[in-house]
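Notes follow once the structure below has been shown.
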Amino acid sequence: MYILVHWKPVVLVWGLLSGMIFVSFVASSLLEGKNPFAPGATITQPPAAKTGVAQTAQQANHSHKAARTPNR
């Protein structure tokens, strides 16, 4: 049994929603004073922040190992 779908309204609604999302993205970028089409517009953390967190976690592990006394 085939389910027949009229694709024209589906495509129109999908296109309308996609266009509204795109226009709202461009408008919010312009309101924030950013260029929405600039390359590298994604927000990334600086490399120093990533390594600082990893080093702190490693130092915490080392301090716990040093604080333990062997049970004999």
Side-chain angles (χ1 to χ4, degrees):
M1 181 171 151
Y2 289 107
I3 298 174
L4 299 177
V5 176
H6 298 284
W7 288 106
K8 196 171 191 177
V10 173
V11 171
L12 288 175
V13 170
W14 189 270
L16 182 65
L17 290 175
S18 299
M20 289 172 60
I21 291 171
F22 178 73
V23 168
S24 65
F25 167 73
V26 171
S28 66
S29 296
L30 293 176
L31 286 174
E32 292 177 4
K34 298 177 183 176
N35 184 0
F37 303 110
T42 58
I43 300 172
T44 58
Q45 292 183 353
K50 291 180 183 176
T51 58
V53 173
Q55 289 175 353
T56 305
Q58 288 176 354
Q59 289 173 355
N61 289 338
H62 291 300
S63 65
H64 289 298
K65 288 180 182 177
R68 291 184 191 161
T69 57
N71 295 334
R72 291 182 185 209

Show which side-chain atoms of residues 14-28 pair as donor or acceptor with protein atoms under 3.5 Å away, not counting sequence neighbours.
from, atom 1, to, atom 2, distance (Å)
S18, OG, W14, O, 2.9
S24, OG, M20, O, 3.2
S24, OG, I21, O, 2.8
S28, OG, S24, O, 3.2
S28, OG, F25, O, 3.0

Determine which pairs satisfy salt bridge (Lys or Arg N to Asp or Glu O under 4.0 Å) with at least one residue from residues 9-32, sequence neighbours left out, and list them in order. E32-K34
Contacts of type side chain to side chain contact (heavy atoms under 4.5 Å, CB included), residue V5, not counting sequence neighbours: I3, W7, V10
